[in-house]
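Taking it in order: structure first as structure tokens, then the write-up.
Please read all numbers here as calculations on a predicted model, not as lab measurements.
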Amino acid sequence: MGRKRKQTEIAEAEAKKNDVAPERPKRTLFGWKIKNNDGEVIENGGEDDHTHVFRNKEKVLITCSRRINFRYRHLMLNVASLLPHSKRDNKVESKESKGATLNELVELKSCSSCLFFECRKHKDLYLWMAKCPNGPSVKFLVNAVHTMEELKLTGNHLKGSRPLLTFSANFEKDPHWKLLKELILQIFQIPKDHRKAKPFHDHVFAFSILDDHIWFRNYQITVPHNESTKMDRGGLDKMTLTEVGPRFCLNPIKIFGGSFGGPTLYENPFYVSPNQIRSLQKKQKAGKYVKKVKAKTKRRMHEMANAMERDELADMWKE
């Protein structure tokens, strides 16, 4: 026969049954909402409290429109490979109702931001950056596109590593540039403890403003050293940057207060649409052709008005 259980063991088993797990604190964007003994809610950012560490759960949905060009599709894939905290989805029809569709997709994928590559007329590429579902959002025209496959640069950083984001000093001049800087920071900055990200930095995302355009470059941090003489951690003067790619240029068109729409916060006064540029080029070509036709007509009229006299010796050798 088995031994009898002691009274202390029975009391411990009953205590375990009656034990209830503590209530899990509610997570917000700025930290955890923790209740104290009096039942009051305390907002905690997670820096000083070691029991509840705040984690950045930023996720980006990357998708594109239908009938996109192959170069622009490769650019989208390059951007997705640089952001391990991103998610991919099927192509979306680029109509007026795309905002509601994209907001629903972002919610279904449990994301908080969206990068939407919209192609028009198989020529023009527009990039939407949006914080869903409340905004803000910005629409860019993408120029000077060079993908990793066609550049064939010498740089090669580890896939999934966290980048260092650098911005030029121009981003602090105007309010709309400050807003764009914060939007780019939240989308392109990889969370620290993301499961697909490597816990170190070996490349740099450079965002520079030139001629009211944002130029993007991706550089690898290279350290030249031999096996015998390894470099110490403090030798920053020997580090160099090697470009990896891709390259592209962003021309801001409008900044909206909502997600994929809403009130216009900023409109670029220097923006000229690609359709207007193409129409001007056609008019210039048509002007060249009209000038040629007018010159030919003028030459004929001149020849008819100033006819040459007949030469007396022209038919002498024909007999």
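The aromatic rings of Trp128 and Phe256 sit parallel to each other, their planes meeting at less than 30°, with 60° as the upper class boundary. Using the six-membered ring where Trp is involved, His194 and His85 have ring planes that are perpendicular, over 60° apart on the 30 and 60° scheme.
Checked against the 6.0 Å centroid criterion, the rings of Phe216 and Phe207 qualify as a close aromatic pair.
Side-chain contact, Asn218 with His157: a donor N or O sits under 3.5 Å from an acceptor N or O. Residues Asp202 and Ser161 have side chains that bring a donor and an acceptor to within less than 3.5 angstrom of each other. No side-chain N or O of Ser137 forms a donor-acceptor pair with one of Ser259 less than 3.5 Å apart. Side chain to side chain, Asn69 and Lys123 fail the donor-acceptor criterion of an N or O pair below 3.5 Å.
Transitive grouping of hydrophobic side chains (ILVMFWY, heavy atoms separated by less than 4.5 Å) keeps Phe117 and Leu141 in distinct clusters. Both Ile255 and Phe188 are part of a single hydrophobic cluster, where members link through side-chain heavy atoms under 4.5 Å apart. Clustering ILVMFWY residues whenever any of their side-chain heavy atoms sit less than 4.5 angstrom apart, transitively, puts Leu77 in the very cluster that holds Met148.
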Take Glu150 and Lys152, measure what salt bridge (Lys or Arg N to Asp or Glu O under 4.0 Å) needs, and give me the verdict at the end. CA-CA 6 Å; Glu150 64 185 19; Lys152 296 181 181 178; over 6 Å; no
So His74 and Asn78, side-chain hydrogen bond (donor to acceptor under 3.5 Å, both in side chains) or not? Walk me through it. CA-CA 6 Å; His74 290 172; Asn78 293 155; over 6 Å; no
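At least one side-chain heavy atom of Leu125 sits under 4.5 Å from a side-chain heavy atom of Leu75. Contact of the Met239 side chain with the Thr222 side chain is not registered, since no non-hydrogen atoms from C-beta on lie closer than 4.5 Å. Using a 4.5 Å heavy-atom cutoff, the side chains of Asp124 and Arg278 are in contact. A 4.5 Å side-chain heavy-atom check between His146 and Pro246 finds every atom pair outside the cut-off. Contact annotation: the side chain of Leu102 approaches that of Val92 to within less than 4.5 Å [non-hydrogen atoms, C-beta and beyond]. Residues Val79 and Leu115 have side chains in contact (heavy-atom distance under 4.5 Å, counting atoms from C-beta outward). When side chains are defined from C-beta on, His203 does not count as touching Ile221, because their heavy atoms never get closer than 4.5 Å. Between Met129 and Leu250 there is a side-chain heavy-atom pair separated by less than 4.5 Å.
Heavy-atom contacts from other residues, nucleotides or ligands closer than 6.0 Å to OH of Tyr289 number 12 or fewer. The number of heavy-atom neighbours closer than 6.0 Å to CD of Glu96, taken from other residues, nucleotides and ligands shown, is 12 or below.
Ion pairing between Glu243 and Arg217 holds under the 4.0 Å rule for side-chain N and carboxylate O. A salt bridge links Lys131 to Glu58: one of the charged nitrogens lies within less than 4.0 Å of a carboxylate oxygen. In this structure, Arg310 does not pair ionically with Glu312, as no charged nitrogen and carboxylate oxygen lie closer than 4.0 Å. The pair Glu93-Arg67 counts as a salt bridge, with a side-chain nitrogen and a carboxylate oxygen less than 4.0 angstrom apart.
Here the closest non-hydrogen pair linking Ser86 and Ile62 is CB-CD1, 3.6 Å.
For Lys178 and Phe171, the positive end is not near the middle of the six-membered ring at less than 6.0 Å and at most 45° from its axis.
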